> 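Sharing a structure with you now.
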Amino acid sequence: MARPNDEVEALLREYADLLAITGGDAFKARAYEKAARAIGGHPADISALDADGLREIPNVGRSIAEKVTEYLRTGRIGLVEERRARIPAGVRELITIPTLGPKKALRLYEDLHISSVSELAAAVEADALADLKGFGEKTQDNIRHGIELLRRAGARVPLARATDTAEGIVAGLSGVTGCRRCAYAGSLRRMRETVGDLDVLVAAKRSAPFMDALCELPVTAEVVVRGSKKTSVRTAEGLQVDLRVVPPESWGAAMQYFTGSRAHNIRTRTIAVHQGLKLSEYGLFDTGSGEPVASRTEEDVYARLGLPWIPPTLREDRGEIEAGLRGELPEVVTERDIRGDLHTHTDLTDGLASLETMVEAAAERGYAYYAVTDHAPGLSMQRMTDEKVLAQRERLRELDGTRRRMRLLHGTELNIGPEGEVDWPEEFLAGFDLCVASLHSHFGLARGAMTRRLVRACENPYVNVVGHPTTRLIGRRPGVDADWDEVFAACARTGTALEVNAQPDRLDLCDADILRAREHGVKFAVNSDAHSVPHLGQLRYGVGTAQRGWLTCDDVINTWPLTRLRRFLRKGGRH
DNA sequence: GCCGTTTTCGGCCCGACTGTTTTCAGTCG
């Protein structure tokens, strides 16, 4: 289940959106947004806090603290519900379309009574926007394109949200008497970046208690089908959950079967057939006698097929079967292998927590090293200065080694300018232990210019990591256009690592790009890009993505011991 | 609505980009 912090964050964000749509004081809407972010990023569970405790969270004042306590007491916020009654939910949905903000959404609603994305799509097709003030030809093109982007993401749910929901359901069902095993399978277990539905498995002798329990979970909004082997429900956010209860002896076969992918299963079943076996969700059986051969664990099933256990993130029929048969399956990187995070922020720029708080939380994660990489001055909204970053470095050096002897690296996230230039001159960059460099503007450059820009950034002797290289936002913005093979080659040549950014709406590079970059011999850094303490834990989505890209520890620089990492950061010359 | 103070008002990350306008509004990072 989502933390209460996340629930409140979502509610306050909704209220901020509704305020922005209905106009009035724009700063008030901003205030709610800031408070939402602060509460979502607050490390402690807010349901344990009273109004005074809440007010200690930055950007939470008297009024918002009252609304939060109202929510914690009653499960609702009256003022939010009042606003909801005035603005249909579909109008808020309109501002999820890229390039459509609150002002245009309100105009569409007031002038044309459009209150959903599908109504807007129909209106655009019918050319009904032509006479609307402020909606020219280009705007309509942008809307059409934006809707297309949303549709392509479809009804699929982002990985992190699906994980929260699934973990809540697994926790709920694990407590039911008679539960031997409970886990989620499907594309979520394979860590696809978006998830269409959830597959939850239970191993137990009697199924009815689990079917009942699922139907009664608070997250369940609607029961789709209710049977003895399978029950499907839909959550309030529209995610379908399929629960299957299998006999304990079928657990491994069922996990293998329901984890997929379909393509991977077709391969395993074909291998079974060639060996005179039949593979189903109940087990591996001898075709002739019908006798069970293996089913209790996934390892048993794979072993009987002549395969090692294959990590779920590899089960896409992208060569894992062949590699397994040859005994050459990669030992993919795991979260335990990560020795440090190399891209994180503090409240010196747009992070929520202080340097001390972030360092403390990182140490608790057991990291051997940790880099602080606040934004550079080019991102002017962050108001970074030489003085501020140098003062931070001084403080960081004092803290270095004091928290479980974790070593601190002082870095920065540079902005890659349109020509590939970065914020500071080389003599200033030399003072950093490492530099991440990212695109934050000029996303629309033509392919050639974009490629040259990225290659130039890699050629900078102080740029160690290209952050969120394509800058895509899943379901909202495609990545920039570049000749990626040329960029990857430049990374390999110059000793510049590519980031696997773990933010769940980025996952950038994505699995397919990682596979391609890996062919060039590029090294990678799996980073959280954390802006708050809870964000540090999102690293696991980056690790999952790295696994989907077949990365091993040798490929990932932040699994290396510090001495090897430091050697890499010198980029074959600088020191 | 929050916050900080030269503290109970007046500012609030600020600039770029886009498209529509013709001097600016809306959106974005």
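Here is how names work: the chains are called A, B, and so on, in the same order as the sequence lines, proteins then strands, and each is numbered from 1. Quantities reported herein were computed from a predicted structural model and do not represent experimental measurements.
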> Near DNA chain B, under 4.0 Å by heavy atom, which residues of residues 60-75 of chain A?
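Nucleic-acid contacts, sorted: A:V60, A:G61, A:R62, A:S63, A:I64.
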
> Between A:R62 and A:E66, is the closest basic N to carboxylate O distance under 4.0 Å?
yes

> I'd like to know if A:D433 and A:R407 make a salt bridge, using a cut-off of under 4.0 Å between side-chain N and carboxylate O.
no

> Using the P atom as the reference point in each nucleotide, state the distance between B:dT6 and B:dG11 in Å, no decimals.
15 Å

> Applying salt bridge (Lys or Arg N to Asp or Glu O under 4.0 Å), can you list everything that pairs with A:E9, at least two apart in sequence or on another chain?
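So A:E9 forms a salt bridge (Lys or Arg N to Asp or Glu O under 4.0 Å) with A:R13.
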
> Using side-chain hydrogen bond (donor to acceptor under 3.5 Å, both in side chains) as the criterion, list what pairs up with A:D529, not counting sequence neighbours.
A:H343, A:H345, A:N501, A:Q503

> How many Å lie between CD on A:E33 and C1' on B:dC3, as a whole number?
17 Å

> Which value, in whole Å, describes the distance between the P atoms of nucleotides B:dG15 and B:dT21?
27 Å

> Rounded to the nearest angstrom, tell me the gap between atom CZ in A:R30 and atom C1' in B:dC3.
14 Å

> Can you check whether A:H442 has a side-chain N or O nearer than 4.0 Å to OP1 or OP2 of B:dC17?
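Looking at the OP1 and OP2 atoms of B:dC17, one of them is under 4.0 Å from a side-chain N or O of A:H442.
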
> What's the gap between B:dC13 and B:dT27 when it is taken at their C1' atoms, as a whole Å value?
16 Å

> Distance between the C1' atoms of B:dT7 and B:dC2, in whole angstroms?
14 Å

> Excluding sequence neighbours, so at least two apart, what forms side-chain hydrogen bond (donor to acceptor under 3.5 Å, both in side chains) with A:T412?
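Here no residue qualifies.
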
> Give a yes or no on this: more than 12 heavy atoms of other residues, nucleotides or ligands lie within 6.0 Å of atom CD of A:E419.
no

> When you compare B:dG26 with B:dT20, how far apart are their P atoms, in angstrom units rounded to a whole number?
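One P to the other, the span is 14 Å.
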
> When you compare B:dT5 with B:dC12, how far apart are their P atoms, in angstrom units rounded to a whole number?
14 Å

> Can you give one letter per nucleotide of nucleotides 18-29 of chain B, 5' to 3': B if a protein heavy atom sits under 4.0 Å from the base, S if only from the sugar-phosphate, - if neither?
-SS-----SSSB

> Among all residues two or more places apart in sequence or in another chain, which pass the salt bridge (Lys or Arg N to Asp or Glu O under 4.0 Å) test with A:R518?
none

> Return each pair, listed once, that meets side-chain hydrogen bond (donor to acceptor under 3.5 Å, both in side chains) where at least one residue sits in residues 445-461 of chain A; pairs must be two or more places apart or across chains.
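The answer is A:R447-A:D481, A:E459-A:R493.
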
> Using the P atom as the reference point in each nucleotide, state the distance between B:dT23 and B:dC28 in Å, no decimals.
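B:dT23 and B:dC28 have their P atoms separated by 25 Å.
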
> Only counting residues at least two apart or in another chain, list the ones meeting ring pair (Phe, Tyr, Trp, His ring centres under 6.0 Å) with A:H410.
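A:F432.
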
> Please enumerate all residues that pass side-chain hydrogen bond (donor to acceptor under 3.5 Å, both in side chains) together with A:T545, with sequence neighbours excluded.
none

> Distance-only criterion, 3.5 Å: show the donor-acceptor pairs between side-chain atoms of residues 32-41 of chain A and protein atoms not counting sequence neighbours.
{"from": "A:Y32", "atom 1": "OH", "to": "A:K67", "atom 2": "NZ", "distance (Å)": "3.0"}
{"from": "A:R37", "atom 1": "NH2", "to": "A:D350", "atom 2": "O", "distance (Å)": "2.8"}

> Sort out the partner of B:dC24 for me: Watson-Crick or G-U wobble, both distances under 3.5 Å, none otherwise.
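WC or wobble partner is B:dG19.
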
> What integer distance in Å separates A:L445:CG from B:dC17:P?
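So the two atoms are 10 Å apart, to the nearest Å.
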
> What residues form a side-chain hydrogen bond (donor to acceptor under 3.5 Å, both in side chains) with A:N142, not counting sequence neighbours?
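With sequence neighbours excluded, A:N142 shows a side-chain hydrogen bond (donor to acceptor under 3.5 Å, both in side chains) to no residue whatsoever.
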
> Within the sub-3.5 Å range, which N or O atoms of nucleotides 8-12 of chain B have a protein N or O partner, and how far apart are they?
none

> Would you kindly give the CZ-to-C1' distance between A:R13 and B:dG1, to the nearest whole Å?
16 Å

> Expressed in angstrom and rounded to an integer, what is the separation of A:K28 atom NZ from B:dC3 atom C1'?
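Distance check: A:K28 NZ to B:dC3 C1' gives 16 Å.
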
